[in-house]
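Remember, it's 1-based here, ligands and their atoms both numbered in the order they're listed.
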Amino acid sequence: MNTATDLASLFRFVLVRTSHPGNIGSAARAIRTMGFTRMELVLPHRFPDPEAHALAAGADDVLEAAGVHAELVDGLIGSTFALGLSARRRGVNLPELSPREGAEQALAAAARGEQVALLFGNERTGLENDELARCHAMVRIPSVDDFSSLNLSQAVQVMAYELRTVMLGDAPSEAPPEHDRPLADAAQMERFYEHLGQTLDDIDFHKGRSAETIMLRLRKLFQRAQMDERELRVLHGILADAQRMAMLAGKGGK
Ligand code: SAH
């Protein structure tokens with residue numbers, strides 16, 4: 001796992017709720033020029049579409065292989081490191097990286113054999129908080145404050161270019177994998193968050209406060225931890241016991 005092509009195959013560009021099929025085509029072209037091929041589309045407004053193919057300018061292989069999903073988590077299956085591209089800081093308090101720093105961290109993850117996802121939002125509304133909450137860091141392209149939003153496919157191009165630049169600059173990584181056990185992927189993390197949310201309800205943790213805010217905070221905490229599958233199993237076990245105790249207490253109280 002050390003040629004540029006091997007590394008590039010670990011990356012996927014995830015376009016979320018894209019409005020204009022032309023942007024999907026331009027994004028396919030942008031990633032193809034930098035040696036990437038994998039695109040995942042989450043709830044695209046129009047796809048497939050002739051406009052996408054016209055703007056792909058020959059990168060039809062990328063479009064034809066693109067996965068189309070109804071849920072973001074399905075576009076993230078298998079990935080253990082995700083960066084969310086956003087022009088604006090959102091409510092989610094993620095570490096904010098420059099495109100270069102993002103590329104370096106993403107490449108370091110890929111050099112350990114991890115699959116990496118780059119998330120891009122809708123043209124008008126960008127990535128929502130709950131979408132950014134699935135990321136490990138946010139990347140902001142340092143545009144000017146009063147006109148900060150790039151065209152979607154141009155943001156894709158900047159990120160793909162940075163990744164390629166870092167890839168070409170680095171000697172192939174000989175480093176042994178840092179994780180000796182498989183990391184939990186996005187789908188496993190999603191199941192954990194569902195279990196955690198359910199357990200917090202069962203133990204009446206919220207007491208009228210917003211469940212959404214606390215869940216976003218907890219997601220941030222656990223995303224930072226990058227847990228492996230064994231650690232996740234332990235946490236599921238703790239939650240299951242808490243649920244069992246809550247049920248017993250409920251019965252006792254009646
Ligand atoms: N008003 C939206 C802009 C959406 S542009 C917002 O504030 O996010 C469509 C997508 O392009 C964004 O969701 C983001 O993924 C990417 N993008 C555009 N400009 C960017 C920038 N300056 N930094 C990082 N990503 C950017």
Check if V16 has a non-hydrogen atom at a distance under 4.0 Å from any atom of ligand 1.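 Flag not set, V16 not near ligand 1.
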Would you find more than 12 non-hydrogen atoms of other residues, nucleotides or ligands less than 6.0 Å from F47 atom CZ?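 Buried by this count: over 12 neighbours within 6.0 Å.
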Considering residues, nucleotides and ligands other than R230, do more than 12 of their heavy atoms fall under 6.0 Å from its CZ?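 No.
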Distance under 4.0 Å to a non-hydrogen atom of [X]: what atoms of ligand 1 satisfy this?
X: F120; value: 15 (O)
X: S143; value: 22 (N)
X: R124; value: 1 (N), 2 (C)
X: E123; value: 3 (C), 4 (C), 5 (S), 9 (C)
X: L127; value: 13 (O)
X: V139; value: 24 (C)
X: R140; value: 23 (N), 24 (C)
X: S149; value: 3 (C), 4 (C), 5 (S), 19 (N)

Please state which part of S148 comes within less than 4.0 Å of ligand 1, counting heavy atoms only: side chain, backbone, both or neither.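 Just the backbone.
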Test R181 against E231 for salt bridge (Lys or Arg N to Asp or Glu O under 4.0 Å), laying out the working first. CA-CA 10 Å; R181 280 188 289 277; E231 291 162 339; 5.4 Å; no
Would R219 count as a cation-pi partner of Y193, with NZ or CZ less than 6.0 Å from the six-membered ring centre and within 45° of the ring normal? yes
Per atom 9 (C) of ligand 1, closest listed option by heavy atom (N122, L85, V144): N122
The one among G121, A27, S86, G84 that brings a heavy atom closest to atom 25 (N) of ligand 1: S86
Any N/O of [X] closer than 3.5 Å to an N/O of ligand 1?
X: R88; value: yes
X: L152; value: no
X: T125; value: no

Does the side chain of L76 reach to within under 4.5 Å of the side chain of D185, using non-hydrogen atoms? no
With under 30° as parallel and over 60° as perpendicular, where do the rings of H236 and H195 fit, or are they tilted in between?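 Geometry flag for H195 against H236: parallel rings.
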Holding to salt bridge (Lys or Arg N to Asp or Glu O under 4.0 Å), I want the full list of residues that pass it with D201, two or more places apart in sequence or in another chain. none
Sequence neighbours excluded, which residues qualify as salt bridge (Lys or Arg N to Asp or Glu O under 4.0 Å) partners of E96?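 For E96, the residues satisfying salt bridge (Lys or Arg N to Asp or Glu O under 4.0 Å) (neighbours in sequence not counted) are R89, R140.
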Do NZ/NE/NH1/NH2 and the carboxylate oxygens of R17 and E123 come within less than 4.0 Å? no
